[in-house]
Amino acid sequence: RLRGSRSPSVCILMVLPPKGQPKSQGWAQVDNSSQQREEAVRRVRSILNKITPETFDVLVAQLLDIIDDERILPDAILLLFDKALDEPHYSALYAQVCLVLSKDLRLRDKPRTKSDGSNLFLDFLLSSCQSQFESGTQKCAVLAEKEKEGSSSAEYTAARKKMLGNIKFIGELGKLELVSEKILHGCIKQLVSRVRNPFPEDVECLCGLLRVVGKRLDHEKAKAYMDAYFTRMHEMQRGDIQSRIKFMLQDILDLRAEGWKPRSVKEVGPRKIQDIRREMGVREPPASPAPGSRSSPRKPASSPATAARNRHDTHSPDVGRGTPSNGHHGHVSPANPAADLSPRTARTTKFAASDDGSALRPPTVKPGGGRKKPDLTPEKVQNLTDSLLEELFATRDVAEAVRCVEEMHSPALLSTVIERTLTVALGRKESDREAISKFLPALAAQGLDALRFLEALRTLLIGLDDLAIDIPQGPAHLAALCASVVSAGILPLRDLFQPDNLMLSADFCALVLVALRGQVGDAKLKELYATVAVDLLHIKPLPDEPLAAQQAFLVKHGLELLYPMMVAQQTLAGLLRTHVAPGPGLAASAKALAKLLKEQFGEDTIKDPKFPRALFLAIVEFITAQTTLQSGPAHAATKEDRDTEKELFTALMPVLARVAAPTADAQVDIIYALQTFCHANKFPKGMIMRMAVYLYDMDVTEESAWMRWREDITDAPGKGEALVALNEYLNWMETAESEDED
């Protein structure tokens with residue numbers, strides 16, 4: 001309100017043109033640009049409303065002509081995404097539109113791809129899918145609770161429709177390989193994470209996604225993951241859930257069991273009118289007579305709005321866009337009456353469609369007489385395993401239990417035996433687990449190897465969080481059983497610590513190492529750990545933790561012996577705090593420290609290639625804690641702090657050079673340690689440049705080490721920021737090196 005006035009004031013916002021340009025011309029350009037954008041968006045919406053399989057090529061070409069500006073792209077993608085969610089029956093068609101746009105879209109004055117090679121169009125689209133996926137299930141769960149209380153029914157229905165439409169759209173994009181398998185696996189893992197009392201919406205999404213992309217994902221490399229998903233689906237089905245959800249899960253289980261071949265071969269989704277008529281045995285209509293002739297009665301022209309309504313009033317899921325339903329134009333009998341039955345009814349009447357009566361033939365009889373022995377199913381193997389384990393717990397006869405497995409004559413289902421054995425063991429007493437720890441290695445004679453054991457283990461690892469809730473000591477018991485197989489030589493430790501094993505967590509790996517230490521001793525544990533390809537501290541979530549948290553993790557599990565340099569770094573930090581302080585006696589303290597280090601650490605430790613890195617990190621943390629980082633990384637360092645920092649580095653860097661004598665490889669390791677330290681502290685202004693100068697000027701690192709670090713393609717945290725900060729200095733260093741060579 002204006003001062004002294006009772007009526008509200010009106011604020012008028014004026015957009016002024018650039019300086020030196022006539023106002024009328026500037027306003028006209030702003031208005032024209034806005035009008036052009038609105039007109040383009042309106043045309044995109046109109047095309048998406050009219051697109052059908054028959055008009056696909058023409059209308060998509062028009063889309064490519066319209067979407068030629070980056071300002072239009074987000075609005076166009078949002079319209080396309082909303083259409084896909086609102087009309088899930090046409091998801092396949094909209095996915096085809098996305099495929100064409102991702103390949104052929106060209107923007108004015110803008111490259112189609114970013115510098116990292118990712119497609120700009122797909123980035124926008126997948127961000128929308130991710131946002132809807134992450135928020136959809138949570139929102140549906142909240143609204144479902146409200147609906148039970150008698151409110152928000154319409155809102156819940158709308159949210160559920162969007163969620164299911166989004167998951168089907170993601171599946172269709174996955175079929176066209178616009179969404180990677182890694183992303184699809186991530187979605188499925190999230191949807192199967194809750195086995196006990198799963199949200200019905202999550203199960204619907206899971207079934208919808210697997211129905212579309214299950215065949216693509218179910219290959220040999222991902223078999224272990226798919227088996228784990230379906231095991232959890234079996235567990236969901238056995239829980240207290242709605243019958244509708246149980247039948248939905250059973251449909252997907254049956255679909256995989258039948259090789260992802262649908263019960264009905266009838267194509268779903270938008271189809272051309274000619275294809276539907278051909279399938280139903282209806283002749284193509286004759287060519288339309290000339291307008292105005294007596295043979296063609298006049299019909300009032302339908303408006304675009306009426307056409308749009310007719311398109312959305314289609315009830316049959318097998319009728320394409322623009323196809324009239326039988327209810328309006330008379331009944332036409334399909335060529336195959338069984339095709340209109342529901343999938344369950346069609347399955348029960350499958351023998352009716354058999355021409356040779358093969359479905360009514362008796363089972364095949366062997367020449368020697370008797371029926372063919374049916375193969376064991378996973379369910380039967382689980383029951384047999386339960387029986388032999390009960391006998392094992394009662395008699396402790398491992399040899400008899402192994403003979404029972406041999407009598408199953410099912411080497412292909414051995415992983416099912418292992419999985420069931422591990423599951424049962426987790427809830428048993430210690431003496432029973434000891435019997436199983438002897439039983440598992442004994443199965444090597446029946447074909448148990450690392451591959452089969454890992455296949456069974458992955459199924460349990462995927463539900464490790466739920467297991468810890470039900471059985472708090474369950475993860476530790478599982479780790480002990482894994483250790484028994486490792487110590488027996490069946491499962492190499494390096495095979496368990498695989499880089500691509502997404503199910504592993506640092507806590508579980510630490511539990512395996514602790515159990516293994518108790519079984520084989522310290523020396524053998526170090527020998528086995530030296531063979532692994534993945535460092536324990538590089539397994540989630542430890543890489544993102546500060547050094548102090550990593551050290552605390554090792555101390556908690558008693559695994560410091562695997563990281564002697566980390567222990568040495570702690571000792572070095574204590575010596576620095578005790579014997580070094582800025583002031584007049586700093587030079588003498590540094591000399592005394594060099595002598596003390598040689599006495600404190602043996603020759604073997606000092607000659608360890610990782611010792612220079614540990615000493616450098618201890619020095620850097622000691623100096624910055626007293627100077628430039630004493631107020632935290634966010635606070636700018638004062639000139640006095642920087643001067644003290646330089647004084648301490650000048651005194652202590654020669655100690656590093658004399659005592660550790662870094663080799664060429666160790667020098668590169670020191671530079672990476674500097675990069676890691678600055679990254680952990682969010683690159684305080686000027687810090688990495690100052691420390692690079694200290695290292696170079698005081699002969700700790702040479703030009704060749706810096707050039708090796710610069711050219712190394714290892715994607716370590718903070719490498720990009722460090723290269724940007726040191727680019728000019730490295731260019732100067734390279735020039736100076738070439739001049740010295742000349």
Salt bridge R403-E400, side-chain N to carboxylate O under 4.0 Å: yes
Carboxylate-amine/guanidinium proximity below 4.0 Å for R420 and E379: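 No, no charged N to carboxylate O under 4.0 Å.
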Over 12 non-hydrogen atoms of neighbours within 6.0 angstrom of CD in Q473: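 Atom CD in Q473 is not packed in, count stays at 12 or less.
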Within 6.0 angstrom of E430 CD, more than 12 heavy atoms from elsewhere: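 Open: at most 12 neighbouring heavy atoms sit under 6.0 Å from CD of E430.
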Gap separating the CG atom of L191 from the SG atom of C207, nearest 0.5 angstrom: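 Spacing of CG (L191) from SG (C207) equals 9.5 Å.
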Answer whether the closest heavy-atom distance between the side chains of [X] and [Y] falls below 4.5 Å.
X	Y	value
L389	F393	yes
R256	D227	yes
L206	M248	no
L384	E407	no
D397	L392	no
I539	F508	no

Side chains of H234 and Q250, donor plus acceptor under 3.5 Å: no
Polar side chain donor-acceptor pair, R396 to S431, under 3.5 angstrom: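 Present: a donor and an acceptor within the cut-off.
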Over-ring placement of R613 relative to Y672, 6.0 Å and 45° cut-offs: no
Cationic tip of K524 above Y529 ring, under 6.0 Å, 45° of axis: no
Whether R458 side chain and A224 backbone form a donor-acceptor pair below 3.5 Å: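 Pair absent, no side-chain N/O of R458 close to backbone of A224.
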side-chain hydrogen bond (donor to acceptor under 3.5 Å, both in side chains) assessment of Q519 paired with S487: CA-CA 7 Å; Q519 296 177 17; S487 62; 3.1 Å; yes
Parallel, tilted or perpendicular: ring planes of W260 versus F230, cut at 30 and 60 degrees: perpendicular
Minimum heavy-atom distance L457-C482, with the two atoms named: CD1-SG, 3.7 Å
